[in-house]
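A quick write-up on the structure given underneath.
The chain is numbered in sequence order, starting from 1. Because the structure is predicted, anything quoted here is derived from the model rather than measured.
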Amino acid sequence: MGAAMRRIQAGNALSAFGLGFTVPYLYVYVAQVRDLGASTAGAVLAVFAMAALVALPFTGRVIDRRGPLPVVVGGAALAAVGAVGMGVAATVPAAVFSAALLGAGTAVMQPALATMIVWCSDPSTRTRAFATQFFLQNLGLGLGGLIGGQLVDVNRPGSFTLLFGIEAAMFLVLAAVAGTVKLPRTSSASSSVLPEEAAGAGGGGLRALLGHRAMVQLCVLGFVLFFACYGQFESGLAAYGTEAAGIDPSTLGIALAANTAVIVVAQFVVLRLVERRRRSRVIASVGLIWAVAWIIAGYAGLGHGSQTMATAAFISTYALFGLGESMLSPTVAPLVADLAPGEMVGQYNAAFALVKQLALAVGPAVGGPMGAALHGPYIVTFVLFSLGVSVLALRLGRRLTPVQDQPSLAHQRSRVVAVHKPETVAASS
């Protein structure tokens, strides 16, 4: 990595470390430590998610007009203010307002950091850059959660104030580190667009993005991916494990740790296996792996094995999800960048981040009640969703250029990665 990329990755890891300190304990902090009640804690979590949904539609255009750096610095500062406010919040309005600032700040940083990675990489290095980002994010979240768990004490509100203070400091460190990054004058993605394609993709905006069939299909695929995995981790799957499988709540932490451990251990081993294969087939393989994971979860809750076997099966489910995640990190995010015209990288990244947030909002609302009460239908539903990932991925592969689907071909056939034309452009040419 170059100096700019190293600083981007370091700042990203530190911000994830700060988030890991507080996110697992946000509900307990609001409901029990500040004694604001379970309904207020639920409202705080909902506002945290909704703030992201409100902010993201405007983020992409700002990134493309002003550059990603001001958005990263502004988002980090906003998130730091929200973290400090949350640490001292003693009333419902203060907690809700702080959650809104924290949610909006962390949300807008995601596409801005992704755009910075695109600007500081080229098609030959982008896959590894996004895999490194995902690895460092998970390592930071895991370490933050582990250390934060040793510091918190529900009988001492000051211990939580300390955690939120550390989180705010990490966001400010991210802003300071990002501020030292010397970005190229223009996005490196623009150099991969052939002149006639750059002219045809002009105009930008939501209409151009929606006219790009491959990007629309990728967004649909992304929604199903996040809905069937991340949207179930701490809601439906946790409820299913405790209700149907009789898993001890403490085992949920072990399962999440197994998920993170698989990602950290397997990420770069998996990267060597997938970076020279077709992206669409890699994503389709993830769907099959997750279908197996859901079947194993079904055995944990609906089988007739011992409690030890059920616990082992449940932990294995989370581990298999981690394996799939490590395959997606060097595949999906670089594909978003390769599909984007040079002047719309921020809008494409923001659109995909918005799809992710929608899935994370809808996933718990659907999966939570099903996982708690409709055990058999819950497993069948998400086995089908996982198989749907495979189908959608293979269909997407038909709309990608050979180099978009398998970037390693660029070294053999061309110096550039051709950006897919929106469907309307292709028709007119």
Side-chain angles (χ1 to χ4, degrees), residues 111 114-115 117-118 121-135 188-189 192-193 197 209 212-226 228-230 263 266-291 321-341 345 348-349 351-353 355-356 359 385-423:
T115 303
I117 290 175
V118 172
S121 64
D122 56 53
S124 65
T125 61
R126 195 163 293 148
T127 294
R128 191 166 290 268
F130 277 104
T132 302
Q133 180 198 35
F134 186 73
F135 167 81
S188 65
S192 67
V193 183
E197 291 173 333
L209 193 151
H212 192 166
R213 296 279 186 88
M215 182 59 187
V216 171
Q217 283 189 298
L218 180 58
C219 286
V220 173
L221 172 59
F223 180 89
V224 177
L225 280 168
F226 294 119
C229 178
Y230 299 97
I263 292 171
Q267 181 64 83
F268 292 103
V269 176
V270 168
L271 178 61
R272 290 176 180 272
L273 297 176
V274 306
E275 63 183 348
R276 293 192 175 277
R277 287 168 173 77
R278 295 185 182 180
R279 287 166 166 170
S280 57
R281 293 185 180 179
V282 171
I283 300 172
S285 299
V286 172
L288 296 178
I289 291 172
W290 285 358
F321 275 124
L323 178 61
E325 292 171 72
S326 66
M327 295 169 66
L328 289 176
S329 62
T331 306
V332 175
L335 180 55
V336 174
D338 287 348
L339 287 174
V345 174
Y348 273 54
N349 280 323
F352 198 76
V355 167
K356 178 180 179 179
F385 267 103
S386 299
L387 295 176
V389 167
S390 300
V391 174
L392 289 172
L394 294 175
R395 290 187 62 188
L396 173 64
R398 300 191 192 110
R399 289 200 174 273
L400 302 176
T401 65
V403 176
Q404 285 173 341
D405 202 16
Q406 189 174 349
S408 60
L409 295 177
H411 302 295
Q412 305 169 19
R413 298 164 53 183
S414 174
R415 294 178 300 169
V416 298
V417 174
V419 172
H420 194 286
K421 299 180 182 180
E423 199 70 14

Next on the checklist: Between Phe130 and Val118, is the side chain to side chain contact (heavy atoms under 4.5 Å, CB included) condition met? List the steps.
Outcome noted: CA-CA 9 Å; Phe130 277 104; Val118 172; 4.0 Å; yes

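- For Val355, the side chain to side chain contact (heavy atoms under 4.5 Å, CB included) test picks out Cys219, Phe223, with sequence neighbours left out.
- Between Leu209 and Tyr348, the closest heavy-atom pair is CD1-CD1, 3.8 Å.
- For the pair Asp338/Arg279, a side-chain contact is recorded, criterion being any heavy-atom separation below 4.5 Å from C-beta on.
- Within the model, atoms CD1 of Ile283 and OG1 of Thr331 stand 6.0 Å from one another, a figure rounded to the nearest 0.5 Å.
- Residues forming a side chain to side chain contact (heavy atoms under 4.5 Å, CB included) with Leu271 (at least two apart in sequence, or on another chain): Thr127, Arg128, Ala131, Phe268, Glu275, Pro330.
- Residues Pro334 and Ser329 approach most closely at CD-O, 3.8 Å, considering heavy atoms.
- At least one side-chain heavy atom of Met215 sits under 4.5 Å from a side-chain heavy atom of Leu218.
- Between Ser386 and Ala291, the shortest heavy-atom contact is CB-N, 3.5 Å.
- At distances below 3.5 Å, at least one donor-acceptor pair connects side-chain atoms of Arg126 with backbone N or O atoms of Ser121.
- Among all heavy-atom pairs drawn from Ala228 and Phe385, the shortest one is CB-CB, 4.1 Å.
- Of the inter-residue distances, the one linking Arg277 atom CZ with Asp405 atom CG reads 13.5 Å to the nearest 0.5 angstrom.
- At a threshold of 4.5 Å between non-hydrogen side-chain atoms, the residues Leu387 and Leu288 count as touching.
- Two residues are said to be in side-chain contact when any heavy atoms from C-beta on lie closer than 4.5 Å; Leu339 and Leu400 meet this criterion.
- Atom CG in Leu221 sits 7.0 Å away from atom CZ in Phe352 (nearest 0.5 Å).
- In this structure, CE on Met327 lies 11.0 Å from CD on Gln267, to the nearest 0.5 angstrom.
- In this structure, Gln217 CD and Arg398 CZ are separated by 9.0 Å, a value rounded to the nearest 0.5 Å.
- Taking each heavy atom of Ala284 and Ala393 in turn, the nearest pair found is N-CB, 3.6 Å.
- Atom CG of residue Leu328 and atom CZ of residue Phe321 lie 11.5 Å apart, to the nearest 0.5 angstrom.
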